[in-house]
Number of protein chains: 2
Amino acid sequence: MSLDKTKSDGTVGKALEILDLVASFGRPVRFSDVLDVAEFPKATVYRFIQTLTSQGMLSYDPDRQTYALGIRLVRLAHSAWQQSSLAPVAHPHIEKLARDVGETVHLAQLDHAQVLYVDKIDPGKPIEMFSQAGKVGPAYCTGVGKAMMAYLEAPHLAEVIGQQSFHVFTEFTLSDETALRAELVDIRSNGYGFDREEHEPDIICVALPILTARGRVLGALSVTSSTQRTSLAALEALVPRIQMAVTAIANEAESWRFPDQSKFQSIETAKG
Amino acid sequence: MSLDKTKSDGTVGKALEILDLVASFGRPVRFSDVLDVAEFPKATVYRFIQTLTSQGMLSYDPDRQTYALGIRLVRLAHSAWQQSSLAPVAHPHIEKLARDVGETVHLAQLDHAQVLYVDKIDPGKPIEMFSQAGKVGPAYCTGVGKAMMAYLEAPHLAEVIGQQSFHVFTEFTLSDETALRAELVDIRSNGYGFDREEHEPDIICVALPILTARGRVLGALSVTSSTQRTSLAALEALVPRIQMAVTAIANEAESWRFPDQSKFQSIETAKG
DNA sequence: AAACTAAGTTTCAAATAATGGAACCAAAAT
DNA sequence: ATTTTGGTTCCATTATTTGAAACTTAGTTT
């Protein structure tokens with residue numbers, strides 16, 4: 001049926017496609033905005049938007065007649081973040097790490113073929129929020145992305161690599177699969193990798209993968225700085241300290257069990 | 001079916017119901033956990049979970065054979081938070097407010113019949129994240145909840161009130177519709193309301209609604225403290241200062257337009 | 001004011017996808 | 001070795017989604 005590889009999981013998949021579409025605008029949109037970029041007929045897009053709005057996945061601003069992503073997503077993301085075996089467990093560790101090394105620390109996971117930052121601590125500006133967590137970036141030219149890819153199983157890796165754009169951001173960007181694969185072998189043999197101004201000029205980082213005992217990739221941790229402030233060699237010197245945090249996180253993440261709370265709050269709470 | 005509110009928006013609504021179900025556990029769940037509480041037959045629940053997982057709305061932990069909310073939600077929530085006309089605009093104001101008054105400030109919106117906290121600043125502990133934003137609470141016994149309800153249109157208010165549980169948390173909890181409606185009239189005449197230990201013992205707050213020029217409820221702002229630290233009268237004295245923030249936020253939220261970025265990042269970024 | 005146009009909403013038969021009882025499989029428990 | 005439990009697949013039936021087109025505003029133009 002679906003000619004392309006877009007394995008649209010039925011109706012639900014299509015609805016989520018609309019949701020992503022709205023997200024991709026990065027601003028509230030008019031019905032026709034969505035219609036223009038959607039590949040479904042008018043009535044279909046209309047009904048999906050209606051459904052999503054009624055479900056709180058989209059919100060409608062009657063004054064401006066625009067749709068935006070709904071707050072139900074914020075609620076769900078709160079749960080997602082909490083439920084994740086990685087982020088809540090890692091938070092105290094990366095906070096401490098950030099203070100110790102005095103540089104920005106990122107915690108990332110792989111979301112399809114992209115890097116998704118699930119936490120960030122910048123010792124400089126203490127208060128950050130959703131503005132940082134939830135951000136996505138390219139995998140092939142970030143420290144965390146490469147660190148994670150280096151430890152993927154061959155078939156999964158192939159899939160992920162296939163989805164990289166290899167857009168050239170700087171003169172140091174790895175611009176093809178061959179270069180990337182070579183780099184990954186390197187990272188794997190060292191246990192850590194760098195971002196050598198591959199994504200943004202002057203920005204460099206060291207990154208380590210976070211793995212389960214069985215070797216499955218949970219995420220990655222990076223310490224980021226700039227060429228003005230420090231050097232790759234100096235960052236490399238931090239590896240043992242970062243490794244400490246990584247090990248602690250990996251151990252805790254694996255042994256972590258949720259407290260036995262059989263009496264949970266149902267979502268129908270408000271109905272009582 | 002049963003209760004009136006079950007306006008299950010077709011397949012998509014059902015899928016999202018499953019998603020909420022998973023969220024409600026507050027921990028990773030086994031397939032059978034979901035099956036037990038879901039009101040759909042086995043095969044249906046199974047396929048929904050498959051679809052949601054393949055879509056990244058759920059994540060599957062192969063080691064533990066459990067499902068949890070997926071990281072795609074975190075990515076979407078990031079966009080939701082950014083796109084919201086309220087939260088990003090309000091953030092600097094509530095940060096300043098929190099510093100000025102030296103107490104915890106909450107920014108909340110109404111999510112169906114519940115209060116959803118979209119931001120929180122605690123001058124004491126600077127770093128908080130998803131751990132706070134995204135939290136939900138009851139509307140009928142929180143300052144922000146009542147402040148928002150006080151300014152809803154009659155039909156909408158009736159609907160929201162109908163969904164309140166009126167669970168008695170403390171001896172001060174408003175325990176029925178009559179008491180609540182009386183309180184709302186009061187709040188409306190003052191322009192602000194309190195939480196008089198109605199939700200948690202010792203915890204008190206003042207809350208003001210954030211309204212558009214046309215009077216539509218955008219959200220609410222509250223300053224929270226405890227009976228040990230301060231009194232209702234002292235909190236009331238802060239109203240003018242809070243009102244400043246509210247007015248600033250309301251104005252900015254209404255005049256806010258997203259920068260004209262016709263060349264937006266498509267979700268297909270990774271495919272280039 | 002009438003005529004056009006654009007944006008949003010509703011209709012309804014046809015096409016398609018969801019449903020769910022039952023069978024199946026695998027692994028654990030007896 | 002046999003039963004139970006938890007998870008996955010099948011497939012005929014059923015119900016939902018689909019989408020062209022008609023319709024309704026609201027906003028412009030003549």
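Order of the sequence lines fixes the chain letters, A, B, ..., with proteins taken first and strands second; residue numbering starts at 1 for each chain.
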Protein-nucleotide distance (A:Phe31, atom CZ; D:dT24, atom P), rounded to Å: 18 Å
Round to the nearest Å and state the distance from A:Tyr67 atom OH to C:dG8 atom C1'. 8 Å
Please round to the nearest 0.5 Å and tell me the distance separating atom CD1 of A:Ile210 and atom CG of A:Leu107. 5.0 Å
Counting distance alone, no hydrogens or angles: does the base of D:dG7 have a donor or acceptor under 3.5 Å from a partner atom on the side chain of B:Lys42? yes
Separation of atom NZ in B:Lys14 from atom P in C:dA17, rounded to whole Å: 16 Å
Starting at atom CD1 of A:Ile49, determine the distance to atom C1' of D:dG19, rounded to an integer number of angstrom. 16 Å
I want to confirm an ordering. Mapping A:Gln50 and A:Val12 to their closest nucleotides on DNA chain C, which one lands closer to the 5' end? A:Gln50
Consider the side chain of A:Ala43, meaning its heavy atoms from C-beta on, and name the nucleotide among C:dT11, C:dT9, D:dT17 that approaches it most closely. C:dT11
note: A:Leu16, atom CG; D:dT17, atom P; distance rounded to Å ~ 14 Å
With rounding to the nearest 0.5 Å, note down the distance linking CG in A:Leu52 to CZ in A:Arg72. 10.0 Å
For the pair made of CD1 in B:Ile18 and C1' in C:dA18, what is the distance, rounded to whole Å? 13 Å
How are the rings of B:Tyr140 and B:Phe166 set to each other: parallel, tilted or perpendicular (split at 30° and 60°)? tilted
Is A:Arg47 touching bases, backbone alone, or none of the nucleic acid, heavy atoms closer than 4.0 Å? base
Please confirm whether the shortest side-chain N or O distance from A:Tyr46 to OP1 or OP2 of C:dG8 is below 4.0 Å. no
Between B:Phe31 and B:Tyr46, how do the two ring planes meet: parallel, tilted or perpendicular, split at 30° and 60°? perpendicular
For the pair made of CZ in B:Phe48 and P in D:dG7, what is the distance, rounded to whole Å? 19 Å
Does OP1 or OP2 of D:dT16 have a side-chain N or O of A:Thr11 closer than 4.0 Å? no
For C:dG8, take OP1 and OP2 only and decide whether either is under 4.0 Å from a side-chain N or O of A:Ser32. yes
Quickly work out the B:Phe40 CZ to D:dG7 P distance and round it to whole Å. 19 Å
Closest non-hydrogen atoms of A:Ala23 and B:Leu76, given as atom of the first, atom of the second and distance, are CB-CD2, 3.9 Å
